[in-house]
Amino acid sequence: MTAISTARFPNSACPRCRKPIGPDAAVQSCLPCRISFHSDCWFKQGGCTTQNCENAGPDPSVVATSPLVAPTPAAAPRPSTEAPITSSRAYQSDESGTWIRAIVATTIAAVVLTCIMGIWHWHHGQARRELVELIRAGEAANNPAGLVASLESYVQSHPSNDLTKTASQRLDTARGELEVFDFAQADAADRPADPDFDAAEAGYRKYIAAHPDGPNRQRAEARIKRLAQDRDDTAFDKSVRRVRAAPLDIALQEAAWNAYLDAYPGGRHTSDVRAQLVQLPERAERLRFADEVREIRGLVEASRFEAALERVDQALANTKNASRRTELTQLAGRASDLLEIADAKNCIHEAGNTREERDAQRRQCRLFLLCYPTGSRRAAVSDQLARLATLDPAPAEATSKSWTDDEILEAYTARVLAGLEQSLRKRLPTTFEYRLLGSTISTVPILWSFDEPTHRTHTLSESGKPFHGSIHADVKAVVRRDPSASVRDKLKSDIDEELRSISNRLRVSADFEIESRPSPVSGVGADFDDSAVGVVVARVIPGSAAAAAGVEVGDRIVRVDEHPVPPDARRDAVEAMIANASPAGIELTLVRSARRFRVVLPRKTYSTPRYRMRIKVEITPARPFGEPPHASDWIDVDPPS
């Protein structure tokens with residue numbers, strides 16, 4: 001039998017299976033054909049596959065197939081120098097080692113694979129737990145945005161596997177939840193009774209930016225368009241609530257309406273708000289009038305009739321509505337009737353024991369007749385006056401003084417002497433020029449002092465003619481250097497000595513000339529003046545209608561016809577009211593001793609004296625103060641008082 005060998009020949013593929021022969025694969029080689037086979041293929045085919053090869057054939061004895069059969073010595077070939085000869089026992093040892101190595105390699109591979117799979121399963125479990133914890137934390141925080149951000153980061157940072165797929169599925173759900181959450185947040189700011197429109201609009205815009213394809217996008221856009229209108233309506237409703245909460249506070253109501261107009265000048269409710277603002281003055285007038293009526297009625301119930309009538313005058317000055325003025329007039333009539341009863345009781349009583357007490361009674365009775373020209377108790381008061389007249393035959397009281405020329409001159413003399421020093425200081429020089437050898441050495445400020453003046457007066461007018469008089473005053477004056485002025489020391493004594501010399505010879509005289517001229521005055525026969533309590537009568541023209549009606553100096557005027565005179569009114573306002581009234585008869589309401597009375601006086605032209613005065617000051621000797629000033633111009637002065 002021809003020997004076989006385990007030596008390798010150059011063929012790289014097995015002739016039987018046509019598969020490559022690896023460097024570590026067990027081989028059987030046919031020495032005659034010089035071809036290598038896989039050991040398995042060799043034994044399966046029963047030898048070489050080359051046709052007519054000595055090792056080919058079905059005879060299994062050609063090739064040792066059993067490890068128990070050994071070749072006979074006679075049949076053993078001689079050793080060949082070309083390739084090693086292997087027996088069946090050698091082949092058996094080689095095959096056993098191969099299987100052992102395969103088993104060991106398989107075992108090691110199985111162990112390594114098991115370790116790898118264990119490690120993979122451990123990491124997979126850790127990743128699953130991490131994903132579960134991430135999802136649970138996001139859900140527990142009720143923060144869909146945070147959960148979405150975490151899942152997006154997880155998906156981006158982990159490889160694609162079953163956990164990434166799970167995370168992606170949960171991310172899709174979280175995005176849906178975030179879309180619902182964002183819209184709910186914006187909608188929540190838009191739902192309460194007092195919505196936060198800025199937050200709602202910001203929320204809707206945030207929702208649209210974050211979810212451009214969200215199912216609520218159209219609703220969000222529609223709400224944004226309606227927010228401006230809702231803001232307008234809510235601001236109007238807020239102003240309405242503020243107004244209704246303060247029905248008596250007109251200032252707060254005005255502020256509430258103006259707050260709406262400031263915020264929405266072209267708003268949906270602008271016309272309604274402006275209509276409400278137009279009605280506020282009338283509403284304020286109505287509230288004020290109700291307070292005034294309530295106050296007046298309280299004063300009447302408390303028997304404070306004078307205060308009630310004063311309050312009526314104030315209310316009439318602020319009221320333009322005819323029906324309200326009528327109501328106030330009725331209240332004044334009631335207060336006046338009650339006051340008449342009280343005043344009549346004060347007038348009709350036993351006469352006083354002294355002349356002063358009886359004079360006070362007479363003044364009170366005459367005031368009663370002025371205050372109540374149609375009173376039911378006038379007859380009783382007139383009888384009381386008659387009884388008082390029998391006790392004191394001549395209690396004449398003049399409503400105004402008629403001045404004689406001597407009285408006028410005496411009044412002006414007192415006025416002139418009281419202001420003489422001030423008049424002189426305005427007209428005398430204030431500086432002195434110290435001269436030496438005809439040249440001015442220094443100009444010195446000077447001071448004046450005066451002794452008590454001596455005076456003499458002259459009435460220059462004839463009896464019954466306009467007044468004309470003069471007042472001559474002589475004053476001993478002393479002039480001295482102003483010690484506060486800066487003067488060279490070496491000149492002080494010389495200047496002082498010269499001023500003393502001048503003072504010894506100095507005389508100052510002032511001549512005042514006063515005259516009156518008839519002046520036509522159109523009015524009611526009385527002049528008015530301002531005072532702390534209002535406009536009062538300052539002078540009553542003798543022989544005028546005011547004098548005949550009993551008007552006296554000091555009477556306060558509170559009404560001209562039906563026009564109240566406010567307490568803070570000035571004289572020119574009252575004179576304008578009188579000038580604009582009907583000349584036939586002007587009704588004046590006056591107050592005297594907290595009692596009011598009415599007189600009707602015609603407006604006509606009266607002749608009243610107008611007084612004026614001029615002054616001339618003369619210094620003797622004239623030098624060194626220069627020429628004396630000329631006489632001043634005529635100036636108007638107040639009438640004698």
Side-chain angles (χ1 to χ4, degrees), residues 281-282 284-297 299-300 305-340 343 367-375 522-531 533-538 540 544-546 548-552 554-604:
E282 170 59 23
E285 170 76 11
R286 185 166 60 251
L287 292 174
R288 183 187 55 76
F289 179 75
D291 291 340
E292 290 172 342
V293 169
R294 186 163 47 251
E295 181 182 356
I296 292 169
R297 287 175 177 168
L299 292 172
V300 172
F305 308 119
E306 305 93 330
L309 291 172
E310 289 282 347
R311 195 68 186 87
V312 167
D313 286 336
Q314 296 174 7
L316 285 172
N318 298 324
T319 303
K320 307 300 181 185
N321 185 277
S323 61
R324 292 172 187 157
R325 292 178 66 86
T326 301
E327 184 175 352
L328 289 172
T329 303
Q330 292 173 352
L331 287 173
R334 181 187 174 196
S336 182
D337 292 341
L338 295 174
L339 186 60
E340 178 189 352
D343 286 348
L367 181 58
F368 179 90
L369 297 178
L370 283 174
C371 294
Y372 310 104
T374 59
S522 178
V524 294
D527 293 335
F528 304 98
D529 203 356
D530 299 325
S531 73
V533 296
V535 181
V536 298
V537 176
V540 179
S544 66
V551 177
E552 296 181 1
D555 292 344
R556 179 165 59 91
I557 184 168
V558 295
R559 192 179 303 173
V560 177
D561 288 336
E562 293 301 321
H563 304 290
V565 176
D568 58 348
R570 313 304 297 172
R571 177 185 63 182
D572 53 355
V574 172
E575 291 175 348
M577 294 170 69
I578 293 174
N580 293 327
S582 173
I586 303 170
E587 184 181 81
L588 300 181
T589 301
L590 304 168
V591 174
R592 182 192 306 167
S593 300
R595 297 296 184 269
R596 63 187 54 220
F597 59 93
R598 295 180 179 86
V599 293
V600 178
L601 306 175
R603 189 177 74 243
K604 59 182 182 179

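Any value given below was found using the heavy atoms of this structure, including those in side chains, with hydrogens, waters and symmetry copies removed. Keep in mind the model is a prediction, meaning the values are calculated, not measured.
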Residues 585-602 side chain polar contacts: donor-acceptor under 3.5 Å, at least two apart:
unit_1 : atom_1 : unit_2 : atom_2 : d
Arg592 : NE     : Asp555 : OD1    : 2.8
Arg592 : NH2    : Gly550 : O      : 2.8
Arg592 : NH2    : Asp555 : OD2    : 2.8
Arg595 : NE     : Asp343 : OD1    : 2.9
Arg595 : NE     : Asp343 : OD2    : 2.7
Arg595 : NH1    : Glu306 : OE2    : 2.7
Arg595 : NH2    : Glu306 : OE2    : 3.2
Arg595 : NH2    : Asp343 : OD1    : 2.9
Arg596 : NH1    : Asp313 : OD1    : 2.9
Arg596 : NH1    : Asp313 : OD2    : 2.2
Arg596 : NH2    : Leu309 : O      : 3.4
Arg596 : NH2    : Asp313 : OD2    : 2.6

Decide yes or no on side-chain contact (heavy atoms from CB on, under 4.5 Å) for Val293 and Arg297, but give the supporting numbers first. CA-CA 6 Å; Val293 169; Arg297 287 175 177 168; 3.5 Å; yes
Restricting to ring pair (Phe, Tyr, Trp, His ring centres under 6.0 Å), what partner residues turn up for Phe289, sequence neighbours left out? none
Kindly indicate, with the supporting measurements, whether the criterion side-chain contact (heavy atoms from CB on, under 4.5 Å) is fulfilled by Ile296 and Val312. CA-CA 7 Å; Ile296 292 169; Val312 167; 3.7 Å; yes
Would you say the side-chain atoms of Thr319 pair up with the backbone N or O of Ala315, donor to acceptor, closer than 3.5 Å? yes
Are Asp291 and Arg294 within salt-bridge range, i.e. N to O under 4.0 Å? yes
Pair Arg288 + Glu285: basic N to acidic O under 4.0 Å: yes
Output all residues satisfying ring pair (Phe, Tyr, Trp, His ring centres under 6.0 Å) with Phe528, sequence neighbours left out; order by chain, then residue number. none
When you look at CZ of Arg556, are more than 12 heavy atoms from neighbouring residues, nucleotides or ligands closer to it than 6.0 Å? yes
Go through the steps for Asp527 and Val537 under the test side-chain contact (heavy atoms from CB on, under 4.5 Å), then give the verdict. CA-CA 6 Å; Asp527 293 335; Val537 176; over 6 Å; no
Does the Arg603 side chain pair with the main chain of Ala581, one donor and one acceptor, at a distance under 3.5 Å? yes
Could you tell me if the side chain of Ile578 sits less than 4.5 Å from the side chain of Val560, heavy atoms only? yes
How many angstroms lie between CG in Asn321 and CD in Glu282, if you round to the nearest 0.5 Å? 6.5 Å
Using 0.5 Å steps for rounding, measure from the CD atom of Gln314 to the CG atom of Leu328. 11.5 Å
